[in-house]
Amino acid sequence: MTGKAAALLAALVFLGGGCRERDAKPVQESWQVMGTVATLSLPAARAGQLPSCVETAKELIGEVNGRMSLFIADSEIARLNNAAGGAAVQVSPLTGACLALALKYAGLSGGAFDVTVGPVVRLWGFSGGAHPTALPTEADILARKAHTGYRLLTVTNGTARLAEAGAVVDLGGVAKGFAVDYCFDRLAPRFPDGLMVDIAGNLRCAGSGRPGRPWSVGVRNPFDRDRIIGKLQLTGGRAVATSGNYEKFVTIDGRRYAHIIDPRTGRPVEGMAGVTVLAPRAGDADALSTACFVLGVDEACRMLDGLPGCSALFVPDREPMEIIVTPGFAAAFTPEPEFKDAVRIAGR
Ligand code: AMP
Ligand code: MG
């Protein structure tokens, strides 16, 4: 469960103006976890509570990682993978909930989001696989793909089972958002006036960063990571997640291959540079951003239409840059002036 190297949505942008108290910057602390960086932010008036809040967040996110990491030998997911093809293994309610969430989005996306794609993810050098120096052959891909498919995974009454030897669950596409929710749900009652929990651009926030102003985050430019393409205003405890082709990739014969696999082909997705999803909860946003990245704009929009409160921004991997937003996303998004003309509403 290594994290994506960095987030599409990273720069926190705090809107300026007003009196001194209103201008005080939120306070924040970052730490390494899940192979990436987590950041917790509170309004300046809560600075004194930051250390205890961070301590709680570290415990909660650490618990998710300890139970679900592929890289911890006795994690519940490692035990599930080791028992593939054999008996069901016991899982905690927490791991069971994350697996159930993964299966929900596997079904909703027609298998575009599929946490059993693990053997293929490894073949391409991600999630602990050896970095390939040559392109995997079609035979290699088919051999790995034969052990994938979300129907191999069943989750019932405190147990989980993988029906085939060689199958591997990889929660890298959902666990960070799931961990944000686990942390947020426990901390938000203590900090209803302002709280933001962020793991590598999977984030959720309550209240405001400065009195009377919603949290605002920058959407990173996938073609120029140091710049943003616009700002997203987050109200009402909403969550955001990002998937980008620049976050983790391998280069083979001078060509870049991204870490998100199309389970239908067993090959890295091409044609998409970045997807940002707004949703009521971070676990849903995380699974959805990966699913939308695989599905492409049209199919993704059809899926999102049936999901209340969920909307997306897409940046296809082509020049000139296009920023395609669903109507729900457009309502919360302000493009930077230079990208105003690049924006269009999906389906129009
Ligand atoms: P994200 O950055 O949230 O889009 O997640 C990408 C990570 O999810 C990858 O690094 C893999 O560990 C895993 N993954 C890759 N392809 C898929 C897929 N089609 N469905 C679910 N998880 C995937
Ligand atoms: Mg994801």
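Counting starts at 1 for both ligands and their atoms, in listed order.
In this structure, the side chain of Glu29 does not engage the main chain of Leu50 through any donor-acceptor pair within 3.5 Å. Judged by distance alone, with hydrogens and angles left aside, the side-chain atoms of Arg161 form no donor-acceptor pair with the main-chain N or O of Thr154 at under 3.5 Å. Counting only distance, with no hydrogens or angles, the side chain of Asp140 and the backbone of Thr137 share a donor-acceptor pair below 3.5 Å.
The atom name of the N/O/S atom in Asp286 closest to the Mg ion (ligand 2) is OD1.
Listed by number with element, the atoms of ligand 1 under 4.0 Å from a non-hydrogen atom of Thr290 are 1 (P), 3 (O), 4 (O), 5 (O). Within ligand 1, counting atoms from 1 as listed, the ones closer than 4.0 Å to a heavy atom of Ala112 are 18 (C), 19 (N), 20 (N). For ligand 1, the atoms lying closer than 4.0 Å to a non-hydrogen atom of Ser127 are 12 (O). Interface atoms of ligand 1 facing Asp286, defined by a heavy-atom separation under 4.0 Å, are 3 (O). Shown in contact with Pro263 at under 4.0 Å from a heavy atom are these atoms of ligand 1, numbered in order with element: 19 (N). In summary, the atoms of ligand 1 found under 4.0 Å from a heavy atom of Lys248, numbered by their order in the structure, are 10 (O). Ligand-side atoms of ligand 1 in range of Asp170: 11 (C), 12 (O), range being under 4.0 angstrom from any heavy atom. Short contacts between ligand 1 and Ser243, defined as distances under 4.0 Å to a heavy atom of the residue, involve ligand atoms 1 (P), 3 (O), 4 (O).
By the 4.5 Å heavy-atom criterion applied to side chains, Asp286 and Phe178 are not counted as neighbours. Residues Leu187 and Leu40 are in side-chain contact: their nearest non-hydrogen atoms beyond the backbone lie under 4.5 Å apart.
Of the N or O atoms in Asp114, one or more lie within a sub-3.5 Å distance of an N or O in ligand 1.
Other residues, nucleotides and ligands contribute more than 12 heavy atoms inside 6.0 Å of the CZ atom of Arg186. For Gln90, the CD atom is loosely surrounded, since the number of other residues' heavy atoms within 6.0 Å does not exceed 12. Remark: Glu338 CD is packed, more than 12 non-hydrogen atoms of other residues, nucleotides or ligands lying under 6.0 Å away.
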message: Between Arg281 and Asp185, does the salt bridge (Lys or Arg N to Asp or Glu O under 4.0 Å) criterion hold? Intermediate values first, please.
response: CA-CA 10 Å; Arg281 294 177 63 78; Asp185 289 342; 2.8 Å; yes
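The Mg ion (ligand 2) has no N, O or S atom of Thr242 closer than 2.8 Å. The Mg ion (ligand 2) lies at 2.8 Å or more from every N, O or S atom belonging to Ala287.
Under a 4.0 angstrom heavy-atom cut-off, Phe126 registers as lying outside contact with ligand 1.
By heavy-atom distance, the residue among Gly173, Ala241, Gly35 lying nearest atom 13 (C) of ligand 1 is Gly173. Compare Asn202, Val117, Ile261 by their heavy atoms: the one nearest to atom 19 (N) of ligand 1 is in Ile261.
By the 30° and 60° cut-offs, the orientation of the rings of His259 relative to Phe126 is perpendicular.
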